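All of these numbers come straight from a predicted model, not from anything done at the bench. Residue indices begin at 1 and follow the sequence shown.
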Amino acid sequence: MNTSLDPRLLLERATGQFAALVATVEAGRFDDRTPCTECNVRALIGHVLGNTLAYAYIAEGGSVADAPGDIKEVPDDDWAAAYKASGERLVAAGRRLTDGALDGIVDLGFAKMPMRAALSAIVMEIATHTWDLREALGTSPELDQELAEFSLVYAQDALPSARRGAPAPFEPVQPAPEGADAYGRLAAWLGRKVSAGDFRLDHRADRRKAPAMWSPAR
């Protein structure tokens, strides 16, 4: 696993980037399909929101059993604010963790692992679904490539190609097209079919240019 970056330092960047992308979702787009085949845009955001809260509970010293799971009952015009709040809670919890706490074992329900690995896992989760949402919306924001590079190294270590199917909720590794960015390579490793060229979903006729999603205060 890539340990050159402290996952606590990536939480703000990952959640902030996803929150900024959620804020661009226009009314009428929440039923659009995504590369995460079981989710439309609304369900995808609710899934990431629920997981972000679950890892906040864990970082706060709570139990994942108390987490709400995927969030569904949010009005469409409130998703951006709801996710922003969950991201801020996770970031705040991460900041309170000591260096020693990163080596402590936490129970995620499906596995036990060091806190460092758990925080790396939620960074990977958010980065991957950022790609899903970007593709569903058909826009081309400038994403934080370092987040995806970190996530890809973690994914290749924690989720090797042989670990596919139950209990791991990932399809077999797919080939990444030549020239794919770090997000495309991450998506392919986690079983998404990444198109060549501009990597958009086949059902999108064009890809609207967009500015960089988010950058942390320096």
Side-chain angles (χ1 to χ4, degrees), residues 7-8 10-12 14-23 25 29-97 101 104-137 147 151 154-155 158-159 163-171 186-187 190-192:
R8 291 172 297 182
L10 300 180
L11 295 175
E12 184 177 9
T15 59
Q17 179 171 254
F18 189 77
L21 190 55
V22 172
V25 180
R29 300 299 304 275
F30 288 95
D31 291 318
D32 286 4
R33 68 186 181 97
T34 74
C36 192
T37 55
E38 66 274 22
C39 293
N40 60 17
V41 167
R42 183 183 297 104
L44 179 73
I45 297 169
H47 171 70
V48 180
L49 172 53
N51 277 345
T52 300
L53 284 173
Y55 281 81
Y57 278 42
I58 293 165
E60 291 166 349
S63 170
V64 70
D66 296 327
D70 289 1
I71 306 297
K72 299 178 181 178
E73 303 301 324
V74 175
D76 286 348
D77 57 358
D78 288 342
W79 281 114
Y83 186 76
K84 183 174 183 290
S86 72
E88 289 173 347
R89 181 171 175 175
L90 175 59
V91 170
R95 285 174 176 162
R96 290 193 294 269
L97 292 172
I105 301 299
V106 294
D107 187 351
L108 302 184
F110 59 88
K112 294 182 179 180
M113 62 184 69
M115 179 68 77
R116 180 186 299 276
L119 295 184
S120 298
I122 190 58
V123 169
M124 179 196 74
E125 168 89 1
I126 297 169
T128 303
H129 289 312
T130 296
W131 182 87
D132 289 330
L133 185 55
R134 180 183 76 173
E135 296 303 290
L137 298 178
L147 285 175
S151 298
Y154 175 80
L159 296 164
R163 286 191 60 195
R164 300 304 155 116
F170 299 101
E171 297 295 326
L186 173 64
L190 295 180
R192 273 71 163 173

*Asks:* Which heavy atom in Arg8 sits nearest to a heavy atom in Leu97, and how many Å separate them?
*Replies:* NH1-O, 2.9 Å

*Asks:* Apply side chain to side chain contact (heavy atoms under 4.5 Å, CB included) to the pair Ile105 and Lys112, showing each step before the final yes or no.
*Replies:* CA-CA 6 Å; Ile105 301 299; Lys112 294 182 179 180; 4.0 Å; yes

*Asks:* About how many Å separate CZ of Arg29 and CG of Leu133, when rounded to the nearest 0.5 Å?
*Replies:* 9.5 Å

*Asks:* Among residues two or more places apart or on two chains, list those pairs meeting side-chain hydrogen bond (donor to acceptor under 3.5 Å, both in side chains) that have a residue in residues 58-72.
*Replies:* His47-Asp70, Glu60-Arg89

*Asks:* Counting N and O atoms only, with roles assigned by atom type, does the side chain of Arg192 sit under 3.5 Å from a partner on the main chain of Thr128, one being a donor and the other an acceptor?
*Replies:* no

*Asks:* I need the minimum non-hydrogen distance between Ala155 and Leu190, along with the two atoms involved.
*Replies:* CB-CD2, 4.1 Å

*Asks:* Just how far is it from atom CG of Leu53 to atom CD1 of Ile71, taken to the nearest 0.5 Å?
*Replies:* 5.5 Å

*Asks:* Looking at OG of Ser120 and CG of Leu10, how far apart are the two atoms once the value is rounded to the nearest 0.5 Å?
*Replies:* 8.0 Å

*Asks:* List for me each residue that meets side chain to side chain donor-acceptor pair (under 3.5 Å) alongside Arg96, sequence neighbours excluded, and say none if there are none.
*Replies:* none

*Asks:* Which heavy atom of Val74 sits nearest to which heavy atom of Ala82, and what is that distance?
*Replies:* CG1-CB, 4.4 Å

*Asks:* Quick one: pull up CD1 in Ile126 and CG in Leu49 and give me the separation to the nearest 0.5 Å.
*Replies:* 10.5 Å

*Asks:* Just wondering, do Thr37 and Glu171 contact through their side chains at under 4.5 Å, heavy atoms?
*Replies:* no

*Asks:* Check for a donor-acceptor pair, side chain of Thr34 on one end and backbone N or O of Cys39 on the other, with a separation under 3.5 Å.
*Replies:* yes

*Asks:* Where do Ile122 and Leu11 land on the side chain to side chain contact (heavy atoms under 4.5 Å, CB included) test, with the steps shown first?
*Replies:* CA-CA 8 Å; Ile122 190 58; Leu11 295 175; 3.9 Å; yes

*Asks:* Check Gly109 against Val64 and note the closest heavy-atom contact, atom names and distance.
*Replies:* N-CG1, 3.8 Å

*Asks:* Restricting to non-hydrogen atoms, name the atom on Cys36 and the atom on Asp132 that form the minimum distance, rounded to 0.1 Å.
*Replies:* CB-OD2, 3.8 Å

*Asks:* Is there side-chain contact between Trp131 and Leu186, with heavy atoms separated by less than 4.5 Å?
*Replies:* no

*Asks:* Quick one, Ile58 with Met115, criterion side chain to side chain contact (heavy atoms under 4.5 Å, CB included). Give me CA distance, side-chain angles, the key distance, then yes/no.
*Replies:* CA-CA 9 Å; Ile58 293 165; Met115 179 68 77; 4.1 Å; yes

*Asks:* Say you draw a straight line from CD1 of Ile45 to CZ of Phe18; how long is it, rounded to the nearest 0.5 Å?
*Replies:* 5.5 Å

*Asks:* I need the His129 NE2 to Leu44 CG distance, nearest 0.5 Å.
*Replies:* 6.0 Å

*Asks:* Can you name the closest pair of heavy atoms from Asn40 and Phe30 and give their distance?
*Replies:* CG-O, 3.5 Å

